[in-house]
Amino acid sequence: MEASSFSTINFSQFKWLNEPTEWSVEDNKLTMVTNDKSDFWQGTYYDFYFNSGHVYGIELKDDFVFKVCVEAEFHTLYDQAGLMIYLDEKHWVKAGIEFNDGQPLIASVVTDELSDWATGIFPGDPKKFYIRITKKGTAICIKYSSDDVNWTLLRLFSMPLRDKYFIGPLSCTPKREGLRVQFSELSITEPGEDILHSN
């Protein structure tokens with residue numbers, strides 16, 4: 001999809017990477033329920049190589065701002081939901097809430113052959129949050145919010161230029177099955193001049 005079509009995009013135009021057994025789209029709200037042992041991770045520390053997480057995405061050609069509201073009950077180690085840009089098995093980013101150290105944390109993983117991982121305390125209610133990924137050139141800016149008004153920077157990094165980027169809602173549960181996640185308030189727009197400091 002090109003920028004001229006962003007305002008017309010809805011979840012009915014998306015497609016699955018690793019379709020879960022149970023999911024639905026109704027009134028432009030996506031609900032997915034995770035399969036067992038679903039995850040994305042490449043190597044680092046654990047020596048695990050997973051490419052089985054669920055992503056409901058769309059291919060975008062131009063620079064974009066992609067935002068959703070995420071609602072879920074996180075309670076098991078590594079339960080996670082948010083957004084993902086997936087280029088291929090060895091090059092991707094995922095960001096959102098992930099359950100670790102006994103609590104839901106705001107987290108991101110960038111994979112360039114091998115995965116990294118960074119977490120922080122989420123200041124709001126992790127049962128409902130907003131996540132936004134902006135791409136402008138090679139720059140990727142990820143922000144999160146508890147109210148869709150005030151946005152906090154999670155990560156700024158670079159990804160290689162590609163003709164298109166597969167991006168969409170993500171959920172994984174490496175240690176169980178059955179995390180039910182609802183994604184709503186889908187918004188895809190063109191980025192502004194200042195993607196880092198503007199709210």
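The structure presented is a predicted model; accordingly, all values stated were derived computationally and were not measured. One-based numbering along the sequence shown.
Distance CD/Gln182 to OG/Ser171: 13.0 Å, rounded to 0.5 Å. Interatomic distance, OG of Ser108 versus CD of Glu98, reported as 10.0 Å (0.5 Å rounding). Ile85 contributes atom CD1, which lies 4.5 Å from atom CD1 of Ile133 (distance to the nearest 0.5 angstrom).
A donor-acceptor contact shorter than 3.5 Å links the side chain of His54 to the backbone of Asn35. Between the side chain of Thr44 and the backbone N or O of Ser115, at least one donor-acceptor pair lies under 3.5 Å. Judged by distance alone, the side chain of Asp125 and the main-chain N or O of Ser146 form no donor-acceptor pair under 3.5 Å. Under the 3.5 Å distance criterion, the side-chain polar atoms of Ser145 are matched with a main-chain donor or acceptor of Asn150.
Judged as a side-chain contact (heavy atoms from CB on, under 4.5 Å), and not counting sequence neighbours, the contacts of Phe157 are Val93, Val110, Ile140, Ile142, Arg155, Met159. For Asp88, the salt bridge (charged side-chain N to carboxylate O under 4.0 Å, His left out) partners two or more places apart in sequence, or in a different chain, are Arg162. Arg180 is linked by a side-chain contact (heavy atoms from CB on, under 4.5 Å) to Glu22, Thr31, Val33, counting only residues two or more places apart in sequence or in another chain. Applying the side-chain contact (heavy atoms from CB on, under 4.5 Å) criterion to Glu193, with sequence neighbours excluded, gives Lys136. Applying the side chain to side chain donor-acceptor pair (under 3.5 Å) test to Thr76 and every residue at least two apart in sequence or in another chain returns Arg176. Annotation: side-chain contact (heavy atoms from CB on, under 4.5 Å) contacts of Gln13 (sequence neighbours excluded): Met1, Ile9, Asn10, Ile58.
Closest of all the heavy-atom pairs between Phe183 and Ala81 is CZ-CB, 4.4 Å. Between Cys172 and Leu179, the shortest heavy-atom contact is O-CD2, 4.4 Å. Minimum interatomic distance between Leu114 and Gly43 (heavy atoms only, all atoms of both residues): CD2-CA, 4.3 Å.
Leu105 and Leu83 are not part of a single hydrophobic cluster, where members link through side-chain heavy atoms under 4.5 Å apart. Cluster membership check: Met32 shares its hydrophobic cluster with Leu186, using side-chain heavy-atom separations under 4.5 Å among Ile, Leu, Val, Met, Phe, Trp and Tyr.
Counting only residues at least two apart or on different chains, the ring-ring contact (aromatic ring centres under 6.0 Å, His included) pairs with a member in residues 1-23 are Phe11-Phe14, Phe14-Tyr56, Trp16-Trp23, Trp16-Tyr56, Trp23-Tyr56. Applying the ring-ring contact (aromatic ring centres under 6.0 Å, His included) test to every pair with at least one member in residues 132-152, sequence neighbours left out, gives these pairs: Phe122-Tyr144. Within the structure, every pair that satisfies the salt bridge (Lys or Arg N to Asp or Glu O under 4.0 Å) test and touches residues 28-52, not counting sequence neighbours, is listed here: Asp39-Lys94.
Side-chain atoms of Asn18 and Ser52 include no donor-acceptor pair closer than 3.5 Å.
No side-chain heavy atom of Thr152 sits less than 4.5 Å from a side-chain heavy atom of Leu154. Pro174 has its side chain within reach of Gln80: a pair of non-hydrogen atoms, C-beta onward, lies under 4.5 Å apart. When side chains are defined from C-beta on, Phe99 does not count as touching Glu73, because their heavy atoms never get closer than 4.5 Å. Side chains of Ile97 and Val70 form no contact here, defined as non-hydrogen atoms less than 4.5 Å apart.
Heavy-atom contacts from other residues, nucleotides or ligands closer than 6.0 Å to CD of Glu113 number more than 12.
Under the 4.5 angstrom side-chain criterion for Ile, Leu, Val, Met, Phe, Trp and Tyr, Val149 has no cluster partners at all. Taking a 4.5 Å side-chain heavy-atom cut-off between Ile, Leu, Val, Met, Phe, Trp and Tyr, the cluster of Phe40 extends to Leu17, Trp41, Tyr45, Tyr46, Phe48, Phe50, Val55, Leu77, Tyr78, Met84, Tyr86, Trp92, Val109, Trp117, Phe166, Leu170.
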Identify each donor-acceptor pair in which a side-chain atom of residues 59-69 lies under 3.5 Å from a protein atom, sequence neighbours left out, and give them as a table.
unit_1, atom_1, unit_2, atom_2, d
Glu59, OE1, Lys164, NZ, 3.4
Asp62, OD2, Ala3, N, 2.8
Asp63, OD1, Lys135, NZ, 2.5
Asp63, OD1, Gly137, N, 3.1
Asp63, OD2, Gly137, N, 3.4
Lys67, NZ, Asp148, OD1, 3.0
Lys67, NZ, Asp148, OD2, 3.2

